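These numbers were taken from a predicted model, which means no experiment stands behind them.
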Amino acid sequence: MLAIVTPTSLSSLSNPIANTIEHLSLLDNHIPGNTTLITAVELERFVNLRSLALDFCDFTAEMARILASSNHVPLHRLSLLVHNISLKNKSLDKMPEDEDWKALTRHSTNLRVYMMAFDIKSDDMLRILKPSIPLERIHFDSYITCVSGAIVDLLSRQYAKFLTHFILMNDVLDMSGFPDLSDNRNEDPLVLLAWKCTRLSLLAVHGYTVWAHNLIAIARLRGSDLKVLEVTEESIDFDQGELADQDVDPVHNLIEQVSLGLGRPWHAVMDIELLSVFTEPARHFYREMQSFSEGV
């Protein structure tokens, strides 16, 4: 219940009700300051949780240990919203360390994590992305802070076994200079992601430079297993060699080569309205969390 839940909502539930709840979603987008909606002590009563969604800053190491205890059923889905406003008011000091994630995944062997990071600095993401998180879906969205190539490299190395969805959005006003993740390197981080993450089925990019030859490489690497490839037209760039070849229309060649790689017709995304979540990030997170937890 967005904008309705309060810090006292859960404490008002009786133990029999708390014991039977299997799905719990708590978003504090309308609560100021450092107020949290659930404490570790309260979480102990929810012994049958199969899916949980909450602000990342509220998911503490103590909570991870409680969910990993033998009196709790294994957790199947964990959705975490990392919001810049929350980070300003709260702290990452109590977040789970890698050992806590290892203990949780030992108890919950089928656990998968969805994370949405809204305008988060790369230094904070490097702290958050522990190696043992079973991260299946990640969505970066920003209008001030850009994701670095180092973050994408880290995702490729740490979550190759799990990652299926990667969304990278940058709602910049200046359309003339999108950040380039490859940073003049031979290996483009997005290509490495497509190569290493063999379960990747959805890739969406807006507001970052995606070179045409790298987009073709991604399509060839993933093939028909990449069910969704959404790249906005203004994000695609061509190197000088492609533009200088008078015999080939670079845009037509790109569409043809990506379509061949994917094994189906493909075109760039023209309308970014469906991709942008800036108006109501919490509601977008809530919808994605529901899809992520469906059937659990």
Inset, instruction - Examine the side chains of T232 and S235 and answer whether a donor and an acceptor come within less than 3.5 Å of each other. - result: yes
Inset, instruction - Report the C-alpha distance between L67 and L111 in whole Å, list the side-chain angles of each, state the deciding distance to 0.1 Å, and finish with yes or no for side chain to side chain contact (heavy atoms under 4.5 Å, CB included). - result: CA-CA 11 Å; L67 292 169; L111 176 64; over 6 Å; no
Find the distance between [atom1] ([X]) and [atom2] ([Y]) and round it off to the nearest 0.5 Å.
X: S142; Y: L168; atom1: OG; atom2: CG; value: 7.5 Å
X: H267; Y: S259; atom1: NE2; atom2: OG; value: 9.0 Å
X: I128; Y: K121; atom1: CD1; atom2: NZ; value: 12.5 Å
X: L43; Y: D58; atom1: CG; atom2: CG; value: 11.5 Å
X: L54; Y: L81; atom1: CG; atom2: CG; value: 9.5 Å
X: C197; Y: H165; atom1: SG; atom2: NE2; value: 13.0 Å

Inset, instruction - Classify the ring geometry between F166 and F140 as parallel (under 30°), tilted (30 to 60°) or perpendicular (over 60°). - result: perpendicular
Inset, instruction - Test side chain to side chain contact (heavy atoms under 4.5 Å, CB included) on H213 and D188 and set out the steps. - result: CA-CA 10 Å; H213 58 275; D188 181 87; over 6 Å; no
Inset, instruction - Check step by step if salt bridge (charged side-chain N to carboxylate O under 4.0 Å, His left out) holds for R65 and E62. - result: CA-CA 5 Å; R65 288 191 285 270; E62 188 179 0; 5.8 Å; no
Inset, instruction - Scan residues 104-114 for pairs that pass side chain to side chain donor-acceptor pair (under 3.5 Å), counting only residues two or more places apart or in two chains. - result: none
Short question: side chain of [X], backbone of [Y] - any donor-acceptor pair under 3.5 Å?
X: S293; Y: Q290; value: no
X: E42; Y: L10; value: no
X: R45; Y: L13; value: yes
X: N48; Y: E22; value: no
X: R222; Y: T198; value: yes
X: D171; Y: Y143; value: no
X: K130; Y: R127; value: yes
X: S291; Y: R287; value: no

Inset, instruction - Just do the side chain to side chain contact (heavy atoms under 4.5 Å, CB included) check on F238 and N253 with the steps written out, would you? - result: CA-CA 11 Å; F238 299 85; N253 182 62; over 6 Å; no
Inset, instruction - Assess whether side chain to side chain contact (heavy atoms under 4.5 Å, CB included) is satisfied between D180 and D237, documenting all intermediate values. - result: CA-CA 10 Å; D180 185 356; D237 207 345; over 6 Å; no
Inset, instruction - Write down the atom of A40, the atom of I66, and the distance for their closest heavy-atom approach. - result: O-CD1, 3.0 Å
Inset, instruction - Taking atom CD of E233 as the centre, report whether more than 12 heavy atoms of other residues, nucleotides or ligands fall under 6.0 Å from it. - result: no
Would you say [X] and [Y] make side-chain contact, with heavy atoms under 4.5 Å?
X: L190; Y: N214; answer: no
X: R137; Y: T164; answer: yes
X: S86; Y: F118; answer: no
X: R199; Y: E136; answer: yes

Legend entry - Joint hydrophobic cluster, F285 plus V296, side-chain heavy atoms closer than 4.5 Å: no
Legend entry - Verdict with reasoning, K196 to D153, per salt bridge (charged side-chain N to carboxylate O under 4.0 Å, His left out): CA-CA 10 Å; K196 292 184 177 181; D153 282 338; over 6 Å; no
